[in-house]
Amino acid sequence: MKYQKIGDVRVMLNYQRYKRVPVVDYPEREWPNKEIMKAPIWCSVDLRDGNQALIEPMVVSEKVEMFNYLVKLGFKEIEVGFPSASQLEFDFLRQLVDRKLIPDDVTVQVLVQCREHLLTRTFEAIKGLPRAIVHIYNSTSTLQRDVVFGKTREEIKQIAIEGTKMVKEMAKDFPGKIQLEYSPESFTGTELDYALEVCTAVQEIWQPTKENKIIFNLPSTVEMNTPNVYADQIEWMNKHFKDRETITLSVHPHNDRGTGVAAAELALLAGADRVEGTLFGNGERTGNVDILNIAYNMFSQGINPELELENIRETIEVYERCSKMHIHERHPYAGKLVFTAFSGSHQDAINKGMKALHERNGKYWEVPYLPIDPMDIGREYEPIVRINSQSGKGGVAYVMESCFGFKMPKGMHKEFADVIQAIAEKQGEVAPESIYAKFEEEYLNSREPFELIHYEIRDVGMDTKAELKFKYKGELMEAEFVGNGPIDAVKGALLSKVDLKAKVLDYDEHALTQGSKSKAAAYIHMVDLATGRSTYGVGVSSNITRASIRGIFSAMNRLFR
């Protein structure tokens, strides 16, 4: 017997109450060798399956806004609700019809149980539409046949048959085109041969054609096994349907085991033509499959998802306002933190990848840890790297370059990162503005012990003469020195008046901005010859010589303050 310990009490983990769900004996499967090559038919069920799972279901105005946005995203099939279930559902559909909000290339879908009065009410709701998908269903699983309905296989099949007959009869008097969708609900818990038997019985009554196909929707109403088992079930049905060319094979995965997206993708490999799901996976229990996740996955593989997905921020805004649900920070593609790296090694790899991408000007996006370019879906580069106590020198350097234009020398990365690390360990995340403020304090605004008052630089033959007026520990001093360049001359002038010894190890410079108001940054790497300690100084100015001189003062202050 296995126990788990909670405090001082041992509690039995009663896994023996559960039994394995049988897998499909299907060694001839072919889906593992296939690849997704194109987008499926997408059907949004946000307004029905998604809406019924909300704590506070949408009112009519919110449903209209959501419908209009789904149209904007490019959905051509949208399940708008269960119009026979309530007056609100009925009124919403009538608003869509009467206000002519349904574009000519969009087909609405309505869900209804196989009961005559409900079907009659449903056909009243779709009156005036040129076409509609009427979606009927009944549960077929062994468990539901036993504990919910207490009916035999034949009796359950008869429900589907009678429902199909009623839809067919009502469709005769409907002036538009009716496409039938049938779902053997709880398909994943239904014997495959029986699911096929029920679908075939529906098919024989409806008599679909290539021009007016029937939709067989095979839902993973409750995820009961690993995604490969669902793929086996879909492929088995796909290969055993008769007159397959008259069928649109649809899947409707839920996410009980957290594998809804994987199940849908494997189902596409297994022969599914169509996917029903919701934005961000909203739905009963752990939700429906997230259509946006699948679509962005395709996009990341160079496949046209056939949805308008360039503005994920707008999609989030509409979804959160209408559903009153929150998008998790780690939600794939949409979460605020999914394009953000806190790890130092990740930050370093992203930084190098972005530089390589820019330098090579390649055709394809290839940056470590970023499967897609955030800009392609309306996200910004700014939050890609965020600094906390887990970040490293590469992350701080990336923030300084990407946000403020400072391309710090490699040797300076750790020096400044250690300064920011100390802050992060005390307060947590450090914002870019705080990083820059500390950079100014450490490198640009230092006035102790050296403060530059005035300088003059002029050529003396092949050499350079520096004349300085400066303060050292508050005392005003004047000095001059002839060196082999401005940096050498200024350093020599400073050291000629104080009892210090230092040497310039390296010098870097670059433009900070472009145009008439451009500025330059100069980096001076110096060493204290008495102690061997080295540090960097930074100077900024529109004049490169002035920037270099300020860099020397910055370095001297960091060495000797």
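What you are looking at is a predicted structure, and each value in this text was computed from that prediction instead of being measured. Atom set for the values below is all heavy atoms of this structure, side chains included, hydrogens, waters and symmetry mates excluded.
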Does the side chain of His331 pick up a donor-acceptor pair with the side chain of Asp290 at under 3.5 Å? yes
For Ser44 and Glu79, does a side-chain donor sit closer than 3.5 Å to a side-chain acceptor? no
Hey, are the side chains of Trp365 and Leu370 touching, using non-hydrogen atoms and a 4.5 Å cut-off? yes
Salt-bridge test for Glu366 and Arg360: reply yes if a basic N is under 4.0 Å from a carboxylate O, no otherwise. no
Measure from the side-chain N and O atoms of Thr315 to the backbone N and O of Asn311, and report whether any donor-acceptor pair falls under 3.5 Å. yes
SB check Glu306 Lys38 (cutoff 4.0 Å): no
Point-to-point distance, once rounded to the nearest 0.5 Å, from CG of Asp46 to CZ of Phe75: 6.5 Å
Which residue pairs pass the ring pair (Phe, Tyr, Trp, His ring centres under 6.0 Å) test when at least one of the two sits in residues 461-498, sequence neighbours left out? Phe450-Tyr472
Where does the angle between the aromatic ring planes of Phe416 and Tyr443 fall among parallel (under 30°), tilted (30 to 60°) and perpendicular (over 60°)? perpendicular
Output yes when a side-chain donor or acceptor of His254 lies under 3.5 Å from a complementary backbone atom of Asp256, and no otherwise. no
What are the two closest heavy atoms between Gly483 and Asp488, and how far apart are they? CA-OD2, 3.3 Å
Looking at side-chain heavy atoms only, is the closest gap between Met400 and Ile435 below 4.5 Å? yes
Steps toward side chain to side chain donor-acceptor pair (under 3.5 Å) verdict (Asp49, His252): CA-CA 11 Å; Asp49 208 347; His252 182 117; 2.9 Å; yes
Does the side chain of Leu268 come within less than 4.5 Å of Trp31's, by heavy atoms? no
Could you tell me whether the side chain of Leu279 reaches within less than 4.5 Å of the side chain of Met66, counting heavy atoms only? yes
Partners passing side chain to side chain donor-acceptor pair (under 3.5 Å) against Glu284 (at least two apart in sequence or in another chain): Gln52
Answer whether the closest heavy-atom distance between the side chains of Met412 and His525 falls below 4.5 Å. no
Partners of Lys324 by side chain to side chain donor-acceptor pair (under 3.5 Å), sequence neighbours excluded? Glu62
Interatomic distance, Ser541 atom OG to Leu444 atom CG [nearest 0.5 angstrom]: 11.5 Å
Check against salt bridge (Lys or Arg N to Asp or Glu O under 4.0 Å), Glu235 and Arg29: CA-CA 7 Å; Glu235 185 175 304; Arg29 62 182 64 85; over 6 Å; no
Begin with the C-alpha distance, continue with both residues' side-chain angles, and end with the deciding distance and a verdict on salt bridge (Lys or Arg N to Asp or Glu O under 4.0 Å) for Lys355 and Glu401. CA-CA 11 Å; Lys355 286 182 178 178; Glu401 181 174 350; 3.6 Å; yes
Side-chain heavy atoms of Arg379 within contact of Ile312, under 4.5 Å: yes
What one should report as the nearest heavy-atom pair of Ile291 and Cys43 is CD1-O, 3.6 Å
Do side-chain atoms of Asn255 reach the backbone of Gly260 as a donor and acceptor pair under 3.5 angstrom? yes
Between the side chains of Glu65 and Lys63, is the shortest nitrogen-to-carboxylate-oxygen separation below 4.0 Å, so that they form an ion pair? no
Just by modelled atom types, is the Ala493 backbone N or O under 3.5 Å from a matching donor or acceptor in the Glu480 side chain? no
Side chains of Glu265 and Asn297, donor plus acceptor under 3.5 Å: yes
With a 4.0 Å cut-off on N to O distance, would you call Arg533 and Asp528 a salt bridge? no
Supply the atom-to-atom distance Ile303 CD1 to Glu35 CD, rounded to the nearest 0.5 angstrom. 8.0 Å
About how many Å separate OH of Tyr230 and CE of Met224, when rounded to the nearest 0.5 Å? 13.0 Å
Lys465 and Glu467 ion-paired at < 4.0 Å: yes
Report the C-alpha distance between Ile420 and Lys438 in whole Å, list the side-chain angles of each, state the deciding distance to 0.1 Å, and finish with yes or no for side-chain contact (heavy atoms from CB on, under 4.5 Å). CA-CA 8 Å; Ile420 302 303; Lys438 194 64 179 176; 4.0 Å; yes
For Ser548 versus Ile487, what's the shortest heavy-atom pair and its separation? CB-CG1, 4.1 Å
Given salt bridge (Lys or Arg N to Asp or Glu O under 4.0 Å), test Glu442 with Arg561 step by step and report yes or no. CA-CA 11 Å; Glu442 288 285 325; Arg561 64 187 176 187; 3.1 Å; yes
Salt bridge check, Lys471 against Glu478: does any charged N sit closer than 4.0 Å to a carboxylate O? no
Are Leu494 and Met556 side-chain neighbours, meaning at least one heavy-atom pair lies under 4.5 Å? yes
Cationic N near anionic O, under 4.0 Å, Lys72 to Glu308: no
If you measure only the distance, is there a donor-acceptor pair under 3.5 Å linking the side chains of Asp506 and Tyr536? no
Rounded to the nearest 0.5 Å, what's the gap from OG on Ser534 to CZ on Arg558? Could you check? 10.5 Å
As a quick check of understanding, evaluate side chain to side chain donor-acceptor pair (under 3.5 Å) for Glu223 and Thr188, giving each step before the final call. CA-CA 7 Å; Glu223 274 200 307; Thr188 46; over 6 Å; no
Leu505 versus Met526: any side-chain heavy-atom pair under 4.5 Å? no
Ion pair present between Glu329 and Lys336, side-chain N to carboxylate O less than 4.0 angstrom? no
Taken to the nearest 0.5 Å, the spacing of Lys469 NZ from Leu476 CG works out to 6.5 Å
Any chance the rings of Tyr523 and Tyr507 have centres within less than 6.0 Å? no
